[in-house]
Colleague: 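What follows is a single structure, and I will ask about it in a moment.
Below, all heavy atoms of this structure are taken into account, side chains as well, without hydrogens, waters or symmetry copies.
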Amino acid sequence: MKKTYIILPLLCLCMTMAAHDSIRVHRHAEDSTDVFYRHLDLNEVMVTGITGDTKLKYATTPVSIVSPQVLQSTPSTNIIDAISHQPGVSQLTTGGSISKPIIRGLGYNRVVVVSEGVRQEGQQWGDEHGIEVDGTGVGSVEILKGPASLMYGSDAMAGVVIFHAPALLPEGEMRANVSSEYQTNNGLLNYNLSFAGNQRGFVWDTHFSDKMAHAYKNKYDGYVPGSQFRERAGKVMLGVKKGWGHSKLTWSLFHLTPGIIEGERDPETGKLTRDEGFSAHSYGKSLPFQQVKHHKLVWDNSINLPFGFLKTIIGYQQNRRQEYEESADEYGLYFKLHTLTYDIRYLTDEWRGWKFSTGVGGMYQKSGNEGEEYLIPDYRLFDFGIFANATKSLGERWTLSGGLRYDHRRLHGYELLEEGEKRFSDFSRHFNGITGSIGAVCNINEHFNLRLNLARGFRTPNMSELASNGVHEGSIRYEIGNQQLKAEYSLQADLGLDFTSRYVSAEVALFANRINNYIFIHRLPQEIEEGYLTYAYTQGDARLLGFEAGVDFHPVHSLHFSNTFSYVDAQQMHANAGEKYLPFTPAPHWYSELKWELFHHSHTTINHRHDSHPHHRSMFNNLYVAAGLDSYFRQSHIYSADGTETPTPGYALLNLSAGTDIQVKGRKVAEFYVTANNLLNKAYQSHLSRLKYAEENVVTGRRGVFNMGRNITFKLVIPINTR
């Protein structure tokens with residue numbers, strides 16, 4: 001799998017990036033994984049940012065970019081799984097269908113996810129609550145690493161994951177895509193259809209996908225009951241793009257039905273117990289399971305003005321989450337969340353090296369319990385923020401950037417009586433935050449760039465942290481909130497250096513992060529409800545240190561040898577020995593890949609529409625084979641107090657992959673990819689797997705459920721272009 005890791009401006013990215021359609025790509029002879037050309041032309045690559053298009057040579061802080069080609073060729077069970085191998089990025093998992101992004105050791109409500117230009121809101125505080133985004137409909141991904149509260153307000157302490165929609169097509173062009181995918185381990189079947197076009201400035205994009213998988217298996221557990229899932233998603237975008245700007249309306253629906261893995265075992269055999277309706281190869285539902293439906297409507301506008309442009313994005317989301325435990329016809333837990341977001345900002349054109357931007361944004365939320373079981377109370381949330389940002393170029397060598405933001409958030413939880421007893425009390429909390437950042441980049445020469453940034457982050461506690469009181473089935477625990485929690489504040493320093501040359505490219509990004517009032521969950525010794533461990537929220541001061549490093553060797557054009565390494569050390573300050581390390585910190589991660597491109601036609605353009613060269617008439621183009629070693633080191637830096645965490649041994653997974661474009665008479669008619677993950681069928685548990693803490697197998701002495709075993713993926717993509 002190709003990994004592209006580069007340094008980009010944190011402050012020069014905004015919530016309305018999707019309005020610029022996509023990342024601009026430089027036109028050169030490239031294939032899906034051409035590290036050599038990407039780094040050679042690094043200074044010419046453009047990204048769409050808060051102050052307009054920005055060259056990478058003027059960047060200040062780190063970001064990973066996942067290109068459309070990488071997304072197409074990467075096998076995954078969900079979109080977070082597809083990006084989780086980027087440097088500094090991990091995933092907290094519950095089975096194959098549910099993943100949460102972790103950036104530099106921080107996750108949950110410390111990572112903002114942006115899709116269709118608005119922040120994704122879908123009860124993301126829960127361990128088993130994934131991201132309601134269809135990966136097959138994503139054009140490209142940008143992962144901002146570090147506090148981004150200046151642009152996004154509360155919750156963007158760790159960073160931001162931005163899912164870009166596919167680029168708008170050129171005038172007069174229409175394009176359709178049909179693709180299918182099959183995975184051998186869990187029998188995953190996936191197909192999707194899309195059709196987009198641009199006729200006289202009228203633009204549209206439609207997409208539908210359907211994905212299903214039965215239970216996955218591994219060497220120790222066999223088939224894992226509850227790991228099957230079904231996912232359906234659709235999107236319709238209609239708009240107008242003219243010389244004055246654009247206006248687009250996008251509606252999307254995401255429907256996920258994941259099983260719930262309880263990890264219960266037969267006390268005599270140690271095997272995982274199964275519901276009566278469970279069949280290892282069945283794609284149907286078996287108890288317990290969830291139903292998650294997410295509707296989203298986004299109105300995106302950009303108007304060109306004499307000295308800049310005005311951008312406005314208004315979004316509405318409805319998230320419905322139901323848990324079925326005893327009957328497939330009657331839910332127990334049912335959350336219904338309504339979210340209205342707004343973002344208005346003005347961005348200036350460059351004038352004498354200066355660029356300015358200012359804006360306001362915020363959201364209103366209403367959450368209610370519709371079921372007979374409860375975990376958090378009904379609540380209302382309102383927040384708004386106002387910011388200003390400026391960038392100044394000092395000749396060809398130095399670029400400075402900085403800004404300030406003020407945020408206000410109000411939360412109100414409502415009282416709930418259950419059988420005459422108070423389950424939740426009525427309460428209100430108000431939070432105010434002032435954040436900002438300042439950064440600089442020095443283009444030392446044509447080979448070296450030095451980047452510095454200092455940013456302050458801000459996050460209010462969420463309703464789960466403040467007021468939980470009940471069984472969290474997906475986490476297999478009873479959770480208790482704390483209404484006295486304070487807001488988190490962070491101060492992070494970033495230092496980055498990158499080097500590019502004809503045969504070698506290298507980057508290193510170091511960070512130091514101090515967080516006041518860090519909120520985390522820990523285990524209590526007593527049991528409130530039989531069969532469930534009890535956990536409570538608390539807080540303390542923390543500091544995180546770490547780095548990401550990458551180096552690519554390209555001795556000849558057809559050979560690539562890339563390596564990346566990520567490390568984070570997360571500690572609670574002034575704590576006892578068992579409480580020293582923050583819980584759920586990713587293990588050190590090293591990924592190494594050797595790739596050989598067998599056939600690559602140097603004059604093939606990115607859009608592959610025309611080819612008049614006789615030597616391009618071969619059947620295969622961009623053919624490659626690759627071998628990768630995915631290594632996770634032992635994680636012994638754990639929060640061991642009261643058995644909250646246990647150490648995780650290291651492991652290494654061998655992966656093989658190959659892919660090609662298939663051509664007929666010089667025109668690309670299909671793309672084909674095959675990938676073997678965990679080729680040696682290694683039995684392992686990720687340190688960030690929630691299933692690691694399920695019941696112990698009394699026969700083998702192993703605790704928890706293991707991750708997926710060997711999995712071979714086949715993917716076919718058929719593009720249909722017209723003009």
Side-chain angles (χ1 to χ4, degrees), residues 1-8 25-45 56-57 59 62 64-70 72-74 85-88 443-450 496-509 547-566 589-606 613 615-616 618 620-631 652-661 671 673-677 679:
M1 180 179 67
K2 166 68 176 68
K3 295 175 176 57
T4 304
Y5 170 60
I6 49 183
I7 307 296
L8 295 174
V25 292
H26 45 297
R27 301 257 175 192
H28 57 67
E30 71 166 336
D31 61 9
S32 61
T33 59
D34 201 333
V35 175
F36 170 64
Y37 279 115
R38 290 183 188 278
H39 288 292
L40 187 65
D41 292 344
L42 180 66
N43 292 338
E44 301 307 316
V45 175
L56 293 184
K57 69 182 296 183
S64 287
I65 291 182
V66 187
S67 70
Q69 293 87 357
V70 172
Q72 284 280 31
S73 61
T74 301
H85 293 285
Q86 297 297 311
N443 306 125
I444 300 173
N445 54 42
E446 62 177 336
H447 299 294
F448 286 98
N449 293 314
L450 178 67
L497 179 67
D498 60 84
F499 168 79
T500 60
S501 69
R502 184 173 180 83
Y503 300 113
V504 178
S505 297
E507 302 95 9
V508 61
F547 68 93
E548 299 96 43
V551 59
D552 292 296
F553 299 98
H554 192 96
V556 295
H557 177 69
S558 60
L559 191 65
H560 308 270
F561 183 49
S562 61
N563 294 267
T564 60
F565 184 80
S566 305
H589 179 210
W590 169 45
Y591 187 85
S592 182
E593 181 183 71
L594 182 65
K595 174 169 288 187
W596 182 27
E597 297 165 0
L598 282 78
F599 297 105
H600 171 64
H601 297 149
S602 60
H603 294 284
T604 306
T605 58
I606 311 177
H613 298 272
H615 60 279
H616 291 181
S618 65
F620 301 109
N621 187 28
N622 298 327
L623 175 62
Y624 69 89
V625 294
L629 190 65
D630 207 2
S631 302
L653 308 178
L654 177 64
N655 306 318
L656 297 179
S657 62
T660 185
D661 295 343
E671 301 172 27
Y673 305 96
V674 58
T675 303
N677 284 339
L679 184 66

Colleague: Would you confirm whether His447, through its side chain, and Phe499, through its main-chain N or O, come within 3.5 Å as a donor-acceptor pair?
Modeller: no
Colleague: Side chains of Val625 and Leu598: closer than 4.5 Å at any heavy-atom pair?
Modeller: yes
Colleague: I need the Leu629 CG to Leu654 CG distance, nearest 0.5 Å.
Modeller: 6.5 Å
Colleague: How many angstroms lie between CG in Leu623 and OG in Ser558, if you round to the nearest 0.5 Å?
Modeller: 11.5 Å
Colleague: Which pair of non-hydrogen atoms, one from His554 and one from Leu559, has the smallest distance, and what is that distance?
Modeller: ND1-O, 3.4 Å
Colleague: Do the two ring centres, one from Tyr591 and one from Phe565, sit under 6.0 Å apart?
Modeller: no
Colleague: In Å, rounded to the nearest 0.5 Å, how long is the span from NE2 of His85 to OG of Ser566?
Modeller: 11.5 Å
Colleague: Looking at Phe448 and Leu497, what are the two nearest heavy atoms and their distance?
Modeller: CD2-CD1, 4.1 Å
Colleague: Quiz question: by atom type and distance under 3.5 Å, do the side chains of Ser592 and Asn563 form a donor-acceptor pair?
Modeller: yes
Colleague: So which heavy atom on Glu548 is nearest to which on Pro87, and how close?
Modeller: CG-C, 3.8 Å
Colleague: CD1 of Ile444 to CG of Asp498: how many Å apart, nearest 0.5 Å?
Modeller: 9.0 Å
Colleague: Which atoms form the tightest heavy-atom contact between Asn449 and Asn443, and what is the distance?
Modeller: OD1-ND2, 2.7 Å
Colleague: Which distance, rounded to the nearest 0.5 Å, do you find between the CD of Glu671 and the OG1 of Thr660?
Modeller: 9.5 Å
Colleague: Would you call the rings of Tyr624 and Tyr673 parallel, tilted or perpendicular, taking 30° and 60° as the class edges?
Modeller: tilted
Colleague: Can you see which heavy atom on Ser631 is nearest to which on His589, and at what distance?
Modeller: O-CD2, 3.2 Å
Colleague: What is the minimum heavy-atom distance between Thr675 and Ser73, and which atoms define it?
Modeller: OG1-O, 4.0 Å
Colleague: Between CG of Asn677 and CG of Asn655, what distance do you get to the nearest 0.5 Å?
Modeller: 4.5 Å
